Amino acid sequence: MSAPLIAEPLLERAPLIARDWLTHALPEPLRWIANSLITIVVLLTVFGLLFAFLTLAERKVLGRVQNRPGPNRTGWAGLLQPFADGIKMLTKEDIVPRTADRVLHFLAPVAILGFSFLTFAVIPYGRHLVPVELDAGILYFFAAGSATELSIFMAGWSSHNKYALVAAMRALAQLISYELPLLLSAVPVVLAAGTLSASGIVEAQAGYKWGLVPHWHVLTPWGAASFAVFFISALSESNRSPFDLPEAESELIAGHLTEYSGFKYALFFMAEYFGMCALCGMAVTLFLGGWQAPLPALEFIPSYAWFSAKLLALLLVFIWVRATLPRLRMDQLTRFAWKFLVPLALVNLGASAFWSLTFAWTGPMQAVRWAVSLALAVGPFLLLGLRLGSGIGKRTYRCA
Amino acid sequence: MNAALAIIALVTVGSAAAAMLGRNLLRSILMLAVSWAGAAAFYLWAGAQFVAFAQVLVYLGAISMVALFAVLLTRQSRDEPAAAPAARRRGVLAVAAAAAVAAVLLWAVKKTPLPVAWRPVPSTTVRELGAQLMGRHGAALLVVGVLLTIALIGGVVLASDRAYEKPEDKP
C-alpha cells in the first residue's frame, strides 16, 4: 500500500504478497474489487473463527475459575465444541411469533450483525493491514457502533411482546448512558494525536523513551485514566458482565431476545462477540500502541502478531472480569455512568489538554508536568469515587 | 457517478415519503432513519467524510432514539395508528405549518450564494473545521450549546417533579 516496503522483513509483507499473488493476473478495475473481496473474506473468516473459539475459551476459562473442567467431550479437549454448537443452532426450529412484525423481526439480527461487522473496517491490524484507510476513521467506528442500537430496538419492538419491548428500552438506556463516556474517553487521544485517522493514532504512539519505554498513550496519566474509562464503557457497550443486565440470562429470559430462537439468536450472539472484538481492537489502537512492538528489540516480530497478542490479552481480561464480578443493579449502572464515568472523562479531557500544551517542558518542569497530570487523573477519581455511594441508604441483607 | 447520486436521492426521498405516508408511527421513524442514512451517504458521495459520519452518529445514533422514546412514552395504545386528520381545521393548520417551514427553507436556500462555477475542492481537515466552528461560527455554536443546555435542564426538572411521586413508589 505504501512506498518504502523494500527494507522491511518478508514476514511483515507476507499477507500483501499473498494477496497480490492471487490477484496479479486480473485487469486493473477488477483487481481492486478482488482485493477488497479478499479483505472482506479474510476478515469474516478470521473473526468468525475467533468468535467460535472465543466462546470455547470463555467456557474453558470460566470452568477453570469455578474449578471444573469445562467442555471437554467434543474433539480433543473440547476443541470441536464451537462447531457442535453451530450445528445445533442451525438445526433448531426458527420460531416467529404469530403477531410479530415479520419484516423487522427478520431484519433486526441481520442489521445488528452488519453494523457490528462494519466496525472492523477501520482498525489497523498491522503496519500494512488497514482494510479501509479513512481520515475520520475513529468517527466512522463510533458511528457504525451507535447504529446497532437501532437494531436492538427493532428486535424488541417487532417481537410484539411487552417484556421484550421493555427490555429493549432498558438495553437502550444502558447503551446510550455508556456511549457518552466511551466517546469522551476517546477524545483525549484524538486531541493528543491531532488526527481522527486510526493509523495516524497508531503512528503517534511510535518510538521509545530512553530506547526502552514505548510512547503508548496508556503510559501517560491521562491515557491510563482514559483507558480505564474506555474499558469499563466497552464492557457495558458489549453487554458483558458485570453490565449484562439487558440479557441477564438467569433472571430475564434474555431480555429483548426472548422471542428469538435458532440461528437468529445465534446471530445476535455473534454480533455481541463481534462488537466486543471491535471495541477491544479500538482500545488497542487508541491506548496500547496498536501494532507497535513493546520493545525495540522485539520489532522483528511482524506487527499483526503484536496486534493479535494485545487483542487476545484484552479479550481474556473481558472473560476474567465476567468470572469475577457480580452483576450490577440498574440504578447502580446508570449512577455509575452519569455520576462517575462522564465527569471523570470530562476532567480527563482537561488533563490531556494540559499534557499537550506542556509538551515542550523539560528538566524539573517535566516533574511538575507529571505531578499535575497525575493529580488531575487521581484526584477526581478519588473525589468522585468516594461520593459515588452517597445518597443510597445503608445496605441491608436479608436471608431468603 | 451520477447513477450513485440518483440511487442515493431515490432512497432518501423515497424513505422520507414512506415515513410521511405510513400509518404506523414506529415504522415511520425507522423509515426516517433510513432517510437520514441516505443523507449521510450523500455527504460521503460529496467527499465530506467527517460530516457523513457525524450525521450517522448524531441522527442514527441519537436523534432516532429520542424520537423512538418520545413515541413509545407518549402513545396510549400499542397498535393505535397515527391519528387521522379528523377535523378540517386540523388539516388546514397542518398545511399552514408545513408551508411556513417550507417558506423558511426556500428563503434560506434562495439567499445562500451557490457558486456554480468549478472551484478547487477546499481541503477540509478536522483541524480546519474546528477552527471555523470556534472562530467564525463561534457565536452560533454558543447559542446552540446554551439552547441544548436549557433543554437538558428542562428535561431534568420535568423528570424530577416530586409532585407526581406515588405512595407505592416509596421504600
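Here the structure is a predicted model, which means the values were calculated and not measured. First the proteins, then the strands, lettered A, B, ... as listed; each starts at 1.
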Gap separating the OG atom of A/Ser158 from the CZ atom of A/Arg102, nearest 0.5 angstrom: 11.0 Å
Proximal component of A/Phe153, with respect to chain B [non-hydrogen, under 4.5 Å]: side chain
Contacting region of B/Leu60 [heavy-atom separation from chain A under 4.5 Å]: both
Residue from A/Phe243, A/Phe230, A/Phe340 passing ring-ring contact (aromatic ring centres under 6.0 Å, His included) with A/Tyr178: A/Phe243
Greatest number of heavy atom pairs closer than 4.5 Å to chain B - which of A/Ile176, A/Val103, A/Leu134: A/Leu134
A/Gln174 (side chain) donor-acceptor with A/Ser236 (main chain) under 3.5 angstrom: yes
Contact check, side chains of A/Ile138 and A/Ile201, non-hydrogen atoms, under 4.5 Å: yes
Per-residue contact mode, A/Leu183 against chain B (heavy atom under 4.5 angstrom): side chain
A/Ser159 side-chain N/O to A/Asn161 backbone N/O, donor-acceptor pair under 3.5 Å: no
Plane angle bin for A/His256 and A/Phe268 - parallel if under 30°, tilted between 30 and 60°, otherwise perpendicular: perpendicular
Region of A/Leu139 that comes under 4.5 Å of a non-hydrogen atom in chain B: both
Contact origin within B/Leu30 toward chain A - heavy atom pairs under 4.5 Å: side chain
Max heavy-atom pair count under 4.5 Å with chain B, selected residue of A/Ala143, A/Gly145, A/Ser146: A/Ala143
